Number of protein chains: 2
Amino acid sequence: MGDAVKSPRARYREQVRDEIKAHAWTQVATTGASALSLNAIAKQMGISGPALYRYFRNRDELITELVLDAYRDLYDTWRAAVTPGDSPEARLAAMASALRRWALATPHRYLLIYGTPVPGYAAPPEATELAAGLMALLLDAFAETEGKAENEAATALEHHLATHRQWAADHPAPPSALRRALTFWTRLHGVVSLEVAGHFTGMNFDPGLLYAAEGDSVVNAP
Amino acid sequence: MGDAVKSPRARYREQVRDEIKAHAWTQVATTGASALSLNAIAKQMGISGPALYRYFRNRDELITELVLDAYRDLYDTWRAAVTPGDSPEARLAAMASALRRWALATPHRYLLIYGTPVPGYAAPPEATELAAGLMALLLDAFAETEGKAENEAATALEHHLATHRQWAADHPAPPSALRRALTFWTRLHGVVSLEVAGHFTGMNFDPGLLYAAEGDSVVNAP
DNA sequence: ATACTTCAGTTACAGCTTCTAACTAACACA
DNA sequence: TGTGTTAGTTAGAAGCTGTAACTGAAGTAT
């Protein structure tokens with residue numbers, strides 16, 4: 001485990017695990033996580049079904065691994081999308097459009113982490129930490145900008161968040177930033193989740209414009 | 001079919017169909033639609049598995065029926081929530097809080113229509129019509145109020161919607177109302193979908209306050 | 001070098017799923 | 001009383017997850 005140079009067995013094991021995950025991803029991308037079949041993966045790899053259980057305790061463990069990978073990939077995507085020196089507004093805009101591109105590229109990957117939870121699956125603590133890492137990127141940016149609560153309910157929320165901020169306990173962002181980061185997240189998710197779930201198809205308008213307006217509504221609040 | 005008084009066979013058939021759906025609903029409520037098992041329903045009813053195929057062509061047809069029922073139920077809930085004479089603001093507030101209550105009462109029912117689509121399932125045209133019926137209730141209210149686009153992106157969206165309004169073709173609401181209804185929908189969905197999917201658990205804040213702020217942000221825009 | 005242990009992969013199987021095919025038995029109606 | 005419709009049956013194909021028991025190869029220790 002702590003070895004810098006891994007044994008050949010461990011290397012082989014890791015390689016097969018990666019191959020399994022690669023096949024799992026193509027399956028998720030096409031049919032979604034709920035239809036993921038370990039048997040089908042084994043068949044594609046030319047091995048028997050039960051052989052996969054040497055590498056993953058069960059189906060849920062494989063799915064959990066995919067969820068964590070998805071979080072990490074989104075985190076990397078955001079890190080790659082922002083230019084460190086840029087203004088917070090520019091960084092938020094970059095993260096917003098990167099998120100939608102990431103979601104539309106592989107809708108089922110987005111739904112895997114933000115859609116209907118697959119029955120029986122329990123999010124591991126690591127997933128919560130990765131989600132917090134994403135949130136931290138938003139908080140970093142919002143902490144650098146000002147933004148007034150636009151109505152009484154928003155003010156009430158902001159006051160509430162001043163004392164209910166365990167989810168951002170180790171981040172110095174003020175309540176206003178917490179509120180705007182949360183709002184940013186839910187507004188973007190509201191648009192993109194309905195889009196990837198196909199709820200806009202047939203409505204004949206451009207979801208990209210709605211998405212842009214929603215992102216701007218939080219970042220460039222009047 | 002067109003008979004006002006149905007034959008005893010048809011009545012029996014309808015009764016069994018309803019019983020199947022009732023069992024399906026309790027199953028959906030506990031484990032979600034993706035884990036719905038026709039076999040398990042048959043066992044609960046004391047009949048053999050294949051007998052159910054007399055009443056539903058296949059699993060997807062049963063799920064489709066549940067989806068349509070859910071839409072109808074949400075529509076009725078909204079109709080019951082609003083008081084006709086009330087101000088549009090009051091009606092929108094009533095629909096918003098009714099929606100969240102409806103979603104939290106049976107999370108999987110909300111996810112059935114607004115969550116990850118179950119693989120293989122294709123939304124029937126009737127579902128689109130029912131969704132349009134829900135949207136019409138929002139449009140009715142927003143058409144009675146004023147609301148300015150708060151930034152350039154929102155203005156661009158509003159202009160776009162002036163010429164891309166097939167989804168509200170038979171509704172006289174102006175572009176501003178279309179924009180606000182759409183925004184209302186996605187903002188409420190953004191909060192409630194993350195809430196029912198469990199993404200707020202462990203964050204230790206009250207989603208109800210965020211939900212209220214989001215609803216107000218569209219209805220009581222400054 | 002030989003013996004021992006670890007482990008990847010195998011087949012067989014239990015138990016679950018959807019769904020089809022063929023058959024029986026009850027009912028409606030003329 | 002006869003005929004056609006239909007609700008239900010069992011049998012079974014083909015798929016799934018997951019367990020048990022076994023084989024054979026690779027790594028490790030003596």
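Here the structure is a predicted model, which means the values were calculated and not measured. Reminder, nothing fancy here: chain letters follow the sequence lines and each chain counts from 1.
A close approach under 4.0 Å does occur between a side-chain nitrogen or oxygen of B/Y55 and OP1 or OP2 of D/dG8. Using a 4.0 Å cut-off, no side-chain N or O of A/R13 falls inside it from OP1 or OP2 of C/dC7.
Heavy-atom distances under 4.0 Å link DNA chain C to no residue of residues 20-31 of chain B.
Rounded to whole Å, atom C1' of C/dT18 lies 16 Å from atom CZ of B/F56. Protein atom CG of B/L52 is 13 Å distant from nucleotide atom C1' of C/dT17, rounded to whole Å. The CZ-C1' distance, from A/R11 to D/dG27, rounds to 14 Å in whole Å.
Looking at every heavy atom in both residues, B/A141 comes nearest to B/P88 through O-CB, 3.3 Å.
Exactly one of B/D140, B/T83, B/V219 qualifies for a side-chain contact (heavy atoms from CB on, under 4.5 Å) with B/R91. That residue is B/D140.
Not one N or O on the side chain of B/R54 forms a donor-acceptor pair closer than 3.5 Å with the backbone of B/R13. At distances below 3.5 Å, at least one donor-acceptor pair connects side-chain atoms of A/Y211 with backbone N or O atoms of A/A96. Side chain of A/R100 to backbone of A/A212: no donor-acceptor contact under 3.5 angstrom is found. Between the side chain of B/E158 and the main chain of B/R179, no donor-acceptor pair closer than 3.5 Å is present. Side-chain N or O atoms of B/H199 include one that pairs as donor or acceptor with a backbone N or O of A/I113 at under 3.5 Å. Between the side chain of B/H108 and the backbone N or O of B/Q27, no donor-acceptor pair lies under 3.5 Å.
Ring to ring, B/F142 and B/W185 are not that close: their centroids are 6.0 angstrom or more apart.
The number of heavy-atom neighbours closer than 6.0 Å to CZ of B/R72, taken from other residues, nucleotides and ligands shown, is above 12.
Atom CG of residue B/L104 and atom CZ of residue B/R109 lie 10.5 Å apart, to the nearest 0.5 angstrom.
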What one-letter contact string describes nucleotides 9-19 of chain D from 5' to 3', where B marks a base within less than 4.0 Å of any protein heavy atom, S marks contact via sugar-phosphate atoms alone, and - marks no contact? BBB----SBBB
Tabulate protein N/O versus nucleotide N/O from nucleotides 26-29 of chain C, keeping only pairs under 3.5 Å, one per line.
| from | atom 1 | to | atom 2 | distance (Å) |
| --- | --- | --- | --- | --- |
| C/dC27 | O2 | B/R9 | NH2 | 3.4 |

